[in-house]
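These notes are about the structure you will find just below.
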Amino acid sequence: MHIEVQRLTRMALLLAIVIVLGLIPAIPIGIIPVPLTVQNIGILLIGLLLSPFEAFLTTGVFLLLALIGLPILTGLRGGMAVFIGPTGGYLLGYWIGAVLLAWWSKKHRHEWFLLFAKIAIVAVLIIDLFGSMGLCC
């Protein structure tokens, strides 16, 4: 499929932002077992600023880079062990959440309350639902 240079540049820039956000250490909170990561904001930015197909490709490339072992996840982690381990559900949630948010936000870009509600649904329900399924299994 033919991708224009401007779209490809936007995708690469957001991919770089997500990777840089992974350099910020996780913030542990005592009441929940999973720390907060700033990298989630980058995934939400991908969903907000790209089309669903672009979000699918960008998040897929991000996960592929992590899968082959580049230390681009929070805490400088990467490799297949991250995907098989307890946090693997969060990574699947990243992919589905970014595409779903891109699809939802394509329709109502100027209705800020609905857009905020969609971000909250994706951030809290979708990503954390897949993450908790990965933690429990």
Audit row: Leu73, Leu91, side-chain contact (heavy atoms from CB on, under 4.5 Å) steps and yes/no: CA-CA 10 Å; Leu73 297 171; Leu91 300 175; 3.9 Å; yes

Test item: Ile121 and Trp104 side chains (from C-beta on) under 4.5 Å apart, heavy atoms: yes

The single option from Leu21, Val20, Ile27 passing side-chain contact (heavy atoms from CB on, under 4.5 Å) against Ile24: Leu21

Interatomic spacing from CD1 in Ile127 to CG in Leu101 - rounded to 0.5 Å: 8.5 Å

Transitive ILVMFWY side-chain link Leu8 to Leu65, under 4.5 Å: yes

Heavy-atom side-chain contact between Phe83 and Leu63 under 4.5 Å: yes

Stepwise side-chain contact (heavy atoms from CB on, under 4.5 Å) test for Met11 and Val61: CA-CA 10 Å; Met11 291 165 55; Val61 168; over 6 Å; no

Shared hydrophobic cluster, Leu14 / Phe53 (ILVMFWY, side-chain heavy atoms < 4.5 Å): yes

Glu54 backbone acceptor or donor facing Ser51 side chain under 3.5 Å: yes

Shared hydrophobic cluster for Leu67 and Phe56 (ILVMFWY, side-chain gaps under 4.5 Å): yes

Steps toward side-chain contact (heavy atoms from CB on, under 4.5 Å) verdict (Tyr90, Asp128): CA-CA 7 Å; Tyr90 285 99; Asp128 288 341; 3.5 Å; yes

Test log, rule side-chain contact (heavy atoms from CB on, under 4.5 Å), inputs Thr59 and Val99: CA-CA 8 Å; Thr59 312; Val99 173; 5.6 Å; no

Same apolar cluster (I L V M F W Y, side chains within < 4.5 Å links), Leu13/Leu49: yes

Shared hydrophobic cluster for Leu92 and Leu125 (ILVMFWY, side-chain gaps under 4.5 Å): yes

